[in-house]
Amino acid sequence: MSRLIVVSNRVNLSRDTGAGAVGGLAAAIAAALRERPGIWFGWSGETTPQYTGQIAMERIGEVTVARVDLEEQDVEEYYNGYANKTLWPLFHNRIDLTAYERPFDAGYARVNRRFAEALAPLIAPDDLIWVHDYHLAPLARELRALGVKNRIGFFLHIPWPARQLLTTLPGHRKLVEALFHYDLIGFQTEDHLTAVTDYLAHEIGAAPISATGEVEAFGLRTQLGVFPIGIEAPDFRDGSRSPLGEESFQRMRESQAGRKMVLGVDRLDYSKGLEERFLSYEQFLAAHEEQREKVFLLQIATLSRDSVEAYQELRGRLDAIAGRVNGAYGTVDWVPLRYINSGYRQDELAGIYRAAHVGLVTPLRDGMNLVAKEYVAAQDPEDPGVLILSRFAGAAAQMGSALIVNPYDRDDVAAAIQRALSMGYAERRKRWERLMETVARDDVSAWRTRFVDALGAPRRPRPRLANDAA
Ligand code: GDG
């Protein structure tokens with residue numbers, strides 16, 4: 001069996017937490033690397049005064065990780081810069097927040113080159129290489145330039161923007177051309193794939209040439225496909241019943257004091273629609289006097305990218321809205337909006353999910369949104385909660401049995417909260433059963449197997465390139 005080399009910006013696995021304890025993606029990658037031999041390569045998260053390209057190899061459980069340190073300037077230009085100030089906002093429709101600076105672009109190219117140079121010597125001839133996310137779009141091109149001829153696949157975890165937005169990016173063509181050095185490019189939803197083919201048709205004049213999504217442009221051929229990511233469902237089902245999960249469930253139930261709990265769990269990010277969510281909840285409290293003191297919203301918003309100004313500003317605005325809502329509606333023994341920035345262990349989180357009567361997942365734009373799936377998986381089948389889900393989460397394409405809302409429409413979200421809180425048992429259970437069927441079937445193993453099988457499948461050879469090494 002060929003080895004699998006997984007590449008992502010960060011390698012989120014440590015001896016302390018171990019495989020599976022650090023979020024869905026890390027667990028999925030670790031599981032893939034347990035099934036077949038391989039390596040997980042990426043940035044260590046550490047900086048060094050001068051880049052050395054030295055790789056630290058470590059065996060963690062059954063997974064071999066290979067990590068490099070980056071320079072401060074790399075982190076500033078590649079990670080904080082091009083990845084998080086240029087591509088992330090643009091791909092989440094926030095051109096108002098998209099900062100394009102030439103040094104970001106140069107840093108992005110430099111780090112991708114450095115990754116390729118560090119990785120290339122580790123690659124054996126029939127290894128499959130699976131690259132993750134927007135930080136690493138040009139990695140295949142850099143590897144090809146070093147003579148790497150292996151199958152290389154790319155999975156984009158975030159949405160692909162509409163052509164009218166993508167074309168605002170200086171060098172958008174170069175970015176897309178770089179992707180054509182991959183053999184397979186995976187997206188979360190059909191909608192994202194349609195946005196790509198629309199760009200290719202209008203900007204490049206390229207159309208898919210086969211039913212399997214093959215497309216030729218720039219003298220290269222790649223294959224496009226849809227691979228919706230899932231979760232390790234039993235982790236959340238069993239996690240909510242584990243000692244830690246049970247303890248946090250009981251603790252939540254006690255602190256609810258008979259009130260119903262609406263729950264949000266997100267990284268503190270403008271794409272997650274937290275401000276709009278708070279305002280919708282405020283509207284709900286204003287419109288439903290009878291519900292006051294009978295319900296509260298618990299928002300867990302773990303801090304993320306807080307060296308980027310847009311995130312600091314958002315944090316300030318959320319603090320202000322939470323303060324205003326609690327000031328206006330709170331009573332001596334009722335806090336209508338519990339807003340928390342700290343993170344929880346996965347089992348604890350599973351217990352909190354189970355204790356929530358309503359899961360409120362309202363991103364303005366999201367590749368998939370795993371929280372929606374985790375909430376469903378952690379529910380008590382005999383007494384499940386109701387999921388409210390934004391139509392703009394990739395997950396909405398699979399989870400039509402949730403209450404689907406427009407997160408920009410406060411009335412719509414407020415009405416959905418009211419409907420969820422008053423939903424009868426039969427409907428609640430039926431909706432949950434349908435959702436659970438998808439979450440259990442289209443899980444993270446299905447996602448990984450489909451992608452890796454497609455990447456390893458026999459296909460026509462890649463056209464030879466002028467810049468391929470001999
Ligand atoms: C990107 C795409 C796509 C959150 N708080 C805690 C905690 N979390 C975990 C959740 C969940 C993960 O973080 C968040 O995943 P999402 O999918 O919601 O969002 P992104 O981080 O933006 O992920 C997204 C995903 O990639 C996968 O392809 O779905 O669209 O943007 O797993 O549980 N975990 C723990 N404690 C917390 O306090 N343990």
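Note that ligands are numbered from 1 as they come in the structure, with each ligand's atoms numbered from 1 the same way.
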Sub-4.0 Å atoms of ligand 1 with respect to non-hydrogen atoms of Arg267:
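By the 4.0 Å cutoff, the relevant atoms are 20 (P), 21 (O), 22 (O).
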
Would you call Asp380 and Arg354 a salt bridge, taking side-chain N to carboxylate O under 4.0 Å as the test?
no

Please determine whether a side-chain nitrogen of the Lys or Arg among Arg151 and Asp127 lies less than 4.0 Å from a carboxylate oxygen of the Asp or Glu.
no

Which bit of Val265 is near ligand 1, meaning a heavy atom under 4.0 Å away: side chain, backbone, both or neither?
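Near ligand 1, Val265 shows its side chain, while the N, CA, C and O stay back.
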
Subset of ligand 1 atoms that lie under 4.0 Å from at least one heavy atom of Gln346
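Those qualifying, in numeric order: 39 (N).
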
May I ask you to decide whether Asp383 forms a salt bridge with Arg428, counting only side-chain N to carboxylate O separations under 4.0 Å?
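Salt bridge: yes.
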
Applying a 4.0 Å heavy-atom criterion (strictly less than), which segment of Tyr353 is in contact with ligand 1: side chain, backbone, both, or neither?
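Near ligand 1, Tyr353 shows its side chain, while the N, CA, C and O stay back.
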
Does Asp269 come within less than 4.0 Å of Arg267, counting only side-chain N to carboxylate O?
yes

Looking only at distances, can you tell me whether any N or O atom of Gly367, backbone or side chain, sits closer than 3.5 Å to an N or O atom of ligand 1?
yes

Atom 34 (N) of ligand 1: which of Leu349, Asp347, Ile158, Ile352 has the nearest heavy atom?
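It is Leu349 whose heavy atom sits nearest to atom 34 (N) of ligand 1.
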
Just which atoms of ligand 1 are under 4.0 Å from any heavy atom in Gly343?
38 (O)

Report yes or no: does a heavy atom of Trp88 sit under 4.0 Å from some atom of ligand 1?
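Right, Trp88 reaches ligand 1.
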
Indicate yes or no: does an N/O atom of His92 lie under 3.5 Å from an N/O atom of ligand 1?
no

Using a strict 4.0 Å threshold on nitrogen-to-oxygen distance, state whether Glu282 and Arg324 make a salt bridge.
yes

For ligand 1, which part of Leu370 has a heavy atom less than 4.0 Å away: the side chain, the backbone, both, or neither?
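For Leu370, backbone and side-chain atoms both sit under 4.0 Å from ligand 1.
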
Which of the ligand 1 atoms, numbered from 1, are nearer than 4.0 Å to a heavy atom of Val371
10 (C), 18 (O)

Answer yes or no: is there an ion pair linking Glu203 with Arg173, defined by an N-O contact shorter than 4.0 Å?
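Here Glu203 does not pair with Arg173 in a salt bridge, since their nearest N and O are not under 4.0 Å apart.
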
Counting both backbone and side chain atoms, is some N or O of Met368 under 3.5 Å from an N or O of ligand 1?
yes

Which option, Lys272, Gln188, Glu374, Arg345, owns the non-hydrogen atom nearest atom 20 (P) of ligand 1?
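It is Lys272 whose heavy atom sits nearest to atom 20 (P) of ligand 1.
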
Looking at Asp74 and Arg114, is there a salt bridge between them, counting it only when a charged N and a carboxylate O are closer than 4.0 Å?
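Result for this pair is yes, salt bridge flagged.
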
Give yes or no for whether the N/O distance cutoff of 3.5 Å, strictly under, is met between Ser342 and ligand 1.
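No.
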
Ionic contact status for Glu177 with Arg141, cut-off 4.0 Å:
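Not counted as a salt bridge, because no side-chain N and carboxylate O are separated by less than 4.0 Å.
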
Does a salt bridge link Arg251 with Glu247, judged by any charged N lying under 4.0 Å from a carboxylate O?
no

Within the 4.0 Å heavy-atom shell around Thr302, which atoms of ligand 1 are there?
5 (N), 38 (O)

Can Lys85 and Glu101 be counted as an ion pair, charged N to O under 4.0 angstrom?
no

Record the part of Ile229 in heavy-atom contact with ligand 1 below 4.0 Å; permitted values are side chain, backbone, both and neither.
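Looking at Ile229 and ligand 1, just side chain atoms fall under 4.0 Å.
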
